[in-house]
Amino acid sequence: EVQLVESGGGLVQAGESLRLSCTTSGFTYDTYAVAWFRQAPGKDREGVSCMGSKNGTIYYADSVKGRFAISTDEPRNTVYLQMDSLKPEDTAVYYCAADRGSPWSCGTFLYYGMDYYGKGTLVTVSS
């Protein structure tokens, strides 16, 4: 059974950093892509970042390029999202996600979504 549990959200001021963690189980990064999505109040879900299987191609939304970084720690079964230079518009519930796919499947996943999601962690950025 695929399980995803996010942690690390909180309240920070604009310009500060935060690192989200996602503990995963039930799959390996050799065959599954992993990603972060977010949903702000009153807005649609947005794909933030994705890493293809086998540490494949990495994608970022234009809104976070140069500020966010996705990484994995395979021995710890953990996916990270390092978020720097945070802005008030980054305020959202952030969800870890996973789906079986190729090293270059992230473009499709970020647009259409993935099969498995965690329950989310809230990030609030004050101005």
Side-chain angles (χ1 to χ4, degrees):
E1 180 187 5
V2 173
Q3 291 189 329
L4 306 151
V5 180
E6 304 93 338
S7 61
L11 172 62
V12 296
Q13 293 192 335
E16 293 185 341
S17 298
L18 208 57
R19 188 176 76 162
L20 304 183
S21 300
C22 173
T23 302
T24 67
S25 60
F27 65 95
T28 69
Y29 302 150
D30 272 354
T31 55
Y32 275 65
V34 290
W36 290 92
F37 290 77
R38 68 185 180 186
Q39 187 164 22
K43 294 191 176 181
D44 292 336
R45 183 185 66 200
E46 174 189 19
V48 174
S49 181
C50 176
M51 179 184 289
S53 60
K54 296 181 173 59
N55 289 317
T57 305
I58 292 177
Y59 279 72
Y60 294 102
D62 287 343
S63 56
V64 306
K65 275 180 185 174
R67 300 188 299 119
F68 288 14
I70 188 171
S71 62
T72 59
D73 184 338
E74 198 160 353
R76 289 194 167 94
N77 291 317
T78 302
V79 183
Y80 299 103
L81 184 69
Q82 177 66 40
M83 305 186 295
D84 298 324
S85 302
L86 282 161
K87 303 175 181 179
E89 51 263 43
D90 294 319
T91 295
V93 177
Y94 283 72
Y95 299 91
C96 182
D99 203 339
R100 184 182 296 274
S102 69
W104 48 86
S105 57
C106 277
T108 301
F109 286 142
L110 287 180
Y111 185 81
Y112 290 106
M114 303 178 95
D115 277 351
Y116 303 99
Y117 292 86
K119 293 184 178 181
T121 185
L122 177 62
V123 173
T124 304
V125 184
S126 64
S127 56

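- When side chains are defined from C-beta on, Thr57 does not count as touching Cys106, because their heavy atoms never get closer than 4.5 Å.
- Under the 3.5 Å distance criterion, the side-chain polar atoms of Tyr60 are matched with a main-chain donor or acceptor of Ile70.
- Counting only distance, with no hydrogens or angles, the side chain of Thr91 and the backbone of Val125 share a donor-acceptor pair below 3.5 Å.
- Hydrophobic clustering (side-chain heavy atoms under 4.5 Å, transitive across Ile, Leu, Val, Met, Phe, Trp, Tyr) keeps Met114 apart from Phe68.
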Original post:
Step by step, would you call Leu20 with Met83 a side chain to side chain contact (heavy atoms under 4.5 Å, CB included)?
Top reply: CA-CA 8 Å; Leu20 304 183; Met83 305 186 295; 3.7 Å; yes
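- The side-chain heavy atoms of Ser53 and Thr31, taken from C-beta on, include no pair separated by under 4.5 Å.
- When atom types are taken as modelled, the side chain of Ser21 and the backbone of Ser7 share no donor-acceptor pair closer than 3.5 angstrom.
- Remark: the Asn77 side chain and the Thr24 side chain contain no N/O donor-acceptor pair separated by less than 3.5 Å.
- The backbone N or O of Thr78 lies less than 3.5 Å from no partner atom in the side chain of Asp73, so there is not a single donor-acceptor pair.
- By the 30° and 60° cut-offs, the orientation of the rings of Tyr116 relative to Tyr32 is tilted.
- Put simply, Val2 and Val5 are part of two different groups of oily side chains (I, L, V, M, F, W, Y) that touch within less than 4.5 Å, one to the next.
- In the hydrophobic clustering of ILVMFWY residues, with side-chain heavy atoms under 4.5 Å counting as a link, Phe37 and Val93 come out together.
- When all heavy atoms of Ser49 and Leu81 are compared, the pair lying nearest together is CB-CD1, 4.2 Å.
- Remark: Gln13 CD to Ser126 OG distance equals 4.5 Å, nearest 0.5 Å.
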Quiz item: Please walk me through it: do Ser63 and Glu89 pass side chain to side chain donor-acceptor pair (under 3.5 Å)?
Solution: CA-CA 9 Å; Ser63 56; Glu89 51 263 43; over 6 Å; no
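- Once rounded to the nearest 0.5 Å, the distance linking OH of Tyr59 with OG1 of Thr108 reads 8.0 Å.
- Contact record, Leu110 with Val48: CD2-N, 4.2 Å, taken as the closest heavy-atom pair.
- Using a distance-only test at 3.5 Å, with no hydrogens or angles considered, a donor-acceptor pair links the side chain of Glu6 to the main chain of Gly120.
- Salt bridge present: Asp90 and Arg38 bring a charged side-chain N and a carboxylate O closer than 4.0 Å.
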* Does the pair Asp62 and Lys65 meet the rule for a salt bridge (charged side-chain N to carboxylate O under 4.0 Å, His left out), with working shown? -> CA-CA 5 Å; Asp62 287 343; Lys65 275 180 185 174; 3.1 Å; yes
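- Closest approach of Tyr29 and Val79 over heavy atoms only: OH-CG2, 3.7 Å.
- Tracing side-chain contacts under 4.5 Å through hydrophobic residues (I, L, V, M, F, W, Y), one never reaches Val64 starting from Tyr95; they form parts of separate clusters.
- Between Ala61 and Gly47, the shortest heavy-atom distance links the atoms CB-O, 3.4 Å.
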